[in-house]
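What follows is a set of notes on a single structure, which appears directly below.
Numbers restart at 1 for each chain; the letters A, B, ... are given by sequence-line order, proteins then strands. Since the model is a prediction, treat every value here as computed from it, not as a measurement.
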There are 4 protein chains.
Amino acid sequence: MQVNQRTVTEAARRAQIIDAAIEVIADLGYGQASFARIVERAGLSSTRMISYHFQGKDELMWAVLLAAMGVVDERMDERLAGITDRVEMLRGYIESQVDLLRTHPEHMRAITEVARNARDENGAPQYAPLLRDLRVGRLERQLAQGQREGVFGEFDIAVMAQTISQAVDGAAARRETDPDVDLADYARELADLFTRATRPTDPARNPN
Amino acid sequence: MQVNQRTVTEAARRAQIIDAAIEVIADLGYGQASFARIVERAGLSSTRMISYHFQGKDELMWAVLLAAMGVVDERMDERLAGITDRVEMLRGYIESQVDLLRTHPEHMRAITEVARNARDENGAPQYAPLLRDLRVGRLERQLAQGQREGVFGEFDIAVMAQTISQAVDGAAARRETDPDVDLADYARELADLFTRATRPTDPARNPN
Amino acid sequence: MQVNQRTVTEAARRAQIIDAAIEVIADLGYGQASFARIVERAGLSSTRMISYHFQGKDELMWAVLLAAMGVVDERMDERLAGITDRVEMLRGYIESQVDLLRTHPEHMRAITEVARNARDENGAPQYAPLLRDLRVGRLERQLAQGQREGVFGEFDIAVMAQTISQAVDGAAARRETDPDVDLADYARELADLFTRATRPTDPARNPN
Amino acid sequence: MQVNQRTVTEAARRAQIIDAAIEVIADLGYGQASFARIVERAGLSSTRMISYHFQGKDELMWAVLLAAMGVVDERMDERLAGITDRVEMLRGYIESQVDLLRTHPEHMRAITEVARNARDENGAPQYAPLLRDLRVGRLERQLAQGQREGVFGEFDIAVMAQTISQAVDGAAARRETDPDVDLADYARELADLFTRATRPTDPARNPN
DNA sequence: TATGAATGAGAGTTCATTCAT
DNA sequence: AATGAATGAACTCTCATTCAT
């Protein structure tokens, strides 16, 4: 069908631009990700192409964020599917996130860059609160349920969730400084760390 | 000696510019910190003033980083002076850092923004590795000594230090999302968290 | 097909800018040929036009050099076509070059200005060696062939070619000092001069 | 005497600046010879130093021209002193000038750069006509006298003088393209060239 | 004889975006 | 679905020069 054809092409073009944007952001950072650099990476002729397919830079960056998070969340869902034990799920979350730094470094980096640096016209962060809600909120729910089940000790859920989320960023930072770091080791250490930090006071309850 | 209203000393003018730059960076982010916005904040007439006192934007940002870190490090040294117990020092480090987010939010934010976003002509991070060495390195030394003394359990020092450093950034992020958060509570929770995470397996050794 | 008054083709716009640049360079010299002066001469609104059509000042100046040399070389080829006698060709070269100072003074001047003053980022001449190769090289080949044919005497080809090339610049300099000079006379004198200077020792061979 | 002392110091400071300016001009060209680069080369602290000792850039460049020409002319006078034969004097002129390219390349280059590029507020050459008068005028007088004495043939004096002067610039250009050129050879070739070009028609008169 | 501080003007360049098909 | 042409605003940086001691 003609309409479908055109819609598919449109979608493909958008995807091409988004992918190029992700690469540029990951390579050079949000601040250097100009339309000019993105079209160059995408192999397109003019920045006009971007303006045509996206309402503006904001929309492009939002699309980048959605696309990158879509890929990442899909992988996370695959890996965590079927895990019911809260302690295992925490470990799984950390190890999966860190593994994504290895398998999808550009997506992970792009998400961080956009969330940290995109600002509205007043200079206020635009997507950071949203991203925090998604990431930290998910962890908070897991931790709360675990506390109710008694497999976690007593701790402030918001602080713990935020700290776990940051710890993954720490792994990313480490990887950038030291590209040869063994991320599997790093992930295991991190999972151990937070297993200890979340363990109930009465060790009988969570003998990991 | 006659006090001159119009012309101040080189050092004073540099400080004035640096302070304005810190404010702008903290408010609007590194990417929005143009010379024009900085002179406006500083109450100066033209961007020419900055170019006169600094060789270029790089030098200004480097000066911002040095100045902000100088202030922060001084406060840290004051607070940690006299503490010899490693466990207390870890708690002190975390609580002091988080308290600085309350007392010197702009300096803390400026340091993070510059370190994260300043890049050289190839697009590579310019100051992030250095800052990591300073911050994480300091923690690593403390942790290693504590392990030797037996007050800490077994864990990867680099991972732990990186994670603690990131956790403070997490407190900063939380404060930006939720300006009314009680940072003292947050700090205490964080200190407790890492106390548990670093505690020796044999609880007799570190009964905190 | 509708003719659009406002938007012209890329090539036409480039040519318009290049022509204006040639005029400005010829009038005010390379050092004074700013984008602002060029757009003013071209009747364009903003310097942005130049940046849009040329990658940078270097590319513009290179385009100026190419365009001016293209015009000049075309005229030279027309005038020298069909001349096979080396002695006549030398005379033709000199007279044609000097005549171009009359018919295309701005092109000639622009070539000289750009070649003399364009420098790379290290301060080294950028196009002077190339221009020398083109101009002097052409002469050297003619002189060498003439020596082989025995119509020229013995002399260092490189020195002679360089000197002939410079002599034309001398005519240009003279014309700038004294705009009323009769260039045809000047050219004839110059041709006579180099005919004597290149004549074989045995005058029977080249009785001009 | 106090006043003399101060005058001497003043003169020394001017000389220091002029020397630095000559070096910068020779190295980077007239267009790049900014006050900033000159004070850097001179080892001075601020461009204020130049403005203090010279009324403006024009005066500095004029001083550069005078100083460089003074040095060069002194050498020329030394070398040509005592030569009365016109033919020998022509050869001496050429060889001396070319030798100066070897012994005083920066002075020679500075003279050319300033004379070619210095312009008044209307964009007209400022010192080129003057320099031409000095250089070419000197040659013209020699050539005229030689013609009167019958040691030179018939030729347009102005054209010949201009061409000889340009030929020396050609040697300079050659040296810049090919720093290893043997300038003594070049000078001899050039002297031979113009000896032939100026020789009387009746070879009995000038059998060189 | 010298200096530190400041300046207005202009440089080339990049930015995301819009016009007109 | 795409394009070539154009744009206004902002950017950092450099220029020679002046003010006030």
Watson-Crick and G-U pairing of DNA chain E written in dot-bracket, each distance under 3.5 angstrom, with | for inter-strand partners: .||||||||||||||||||||

Protein-nucleotide distance (D/Met61, atom CE; F/dT17, atom P), rounded to Å: 10 Å

For atom CZ of C/Arg13 and atom P of F/dT7, their distance in whole Å: 7 Å

Length of the line joining A/Glu10:CD and F/dA2:P, which is rounded to integer Å: 8 Å

Interatomic distance where CG belongs to C/Leu44 and C1' belongs to F/dA5 [whole Å]: 12 Å

D/Leu28 CG - F/dT14 P separation (whole Å): 14 Å

For atom CD of D/Glu121 and atom C1' of F/dA16, their distance in whole Å: 15 Å

Side-chain N,O (D/His53) to OP1/OP2 (E/dA2) below 4.0 Å: yes

Sub-4.5 Å side-chain heavy-atom contact between C/Ile50 and C/Leu44: no

Short N-O contact, A/Glu23 and A/Arg37, less than 4.0 angstrom: no

Salt-bridge present (C/Asp27, C/Arg41; N to O < 4.0 Å): yes

Side-chain heavy-atom pair D/Asp120, D/Tyr127 within 4.5 angstrom cut-off: no

Close side-chain approach of A/Ile17 to A/Phe35, heavy-atom, < 4.5 Å: no

C1'-based separation of E/dT1 from F/dA20 [nearest Å]: 16 Å

Interatomic distance where CD1 belongs to C/Ile50 and C1' belongs to F/dA5 [whole Å]: 16 Å

Length of the line joining B/Arg14:CZ and E/dG4:C1', which is rounded to integer Å: 15 Å

Below 4.0 Å: OP1/OP2 of E/dA6 and any side-chain N or O of B/Ser45: no

All salt bridge (charged side-chain N to carboxylate O under 4.0 Å, His left out) counterparts of A/Arg116, not counting sequence neighbours: none

Lys/Arg-Asp/Glu bridge criterion (N-O < 4.0 Å) met for A/Arg14, A/Glu59: yes

Under 3.5 Å between N/O atoms: give me all the protein pairs with nucleotides 10-13 of chain F, atom names plus distance.
| from | atom 1 | to | atom 2 | distance (Å) |
| --- | --- | --- | --- | --- |
| F/dC11 | OP1 | B/Ser34 | OG | 2.7 |
| F/dT12 | OP1 | B/Phe35 | N | 3.3 |
| F/dT12 | OP1 | B/Lys57 | NZ | 3.0 |
| F/dT12 | OP2 | B/Phe35 | N | 3.0 |
| F/dC13 | OP2 | B/Lys57 | N | 2.8 |

Test: C/Arg119 and D/Glu113 ion pair at under 4.0 Å: yes

C/Leu131 side chain near C/Met69 side chain, heavy-atom distance below 4.5 Å: yes

Nearest listed nucleotide, side chain of D/Tyr52, among E/dT1, F/dA2, E/dA5: E/dT1

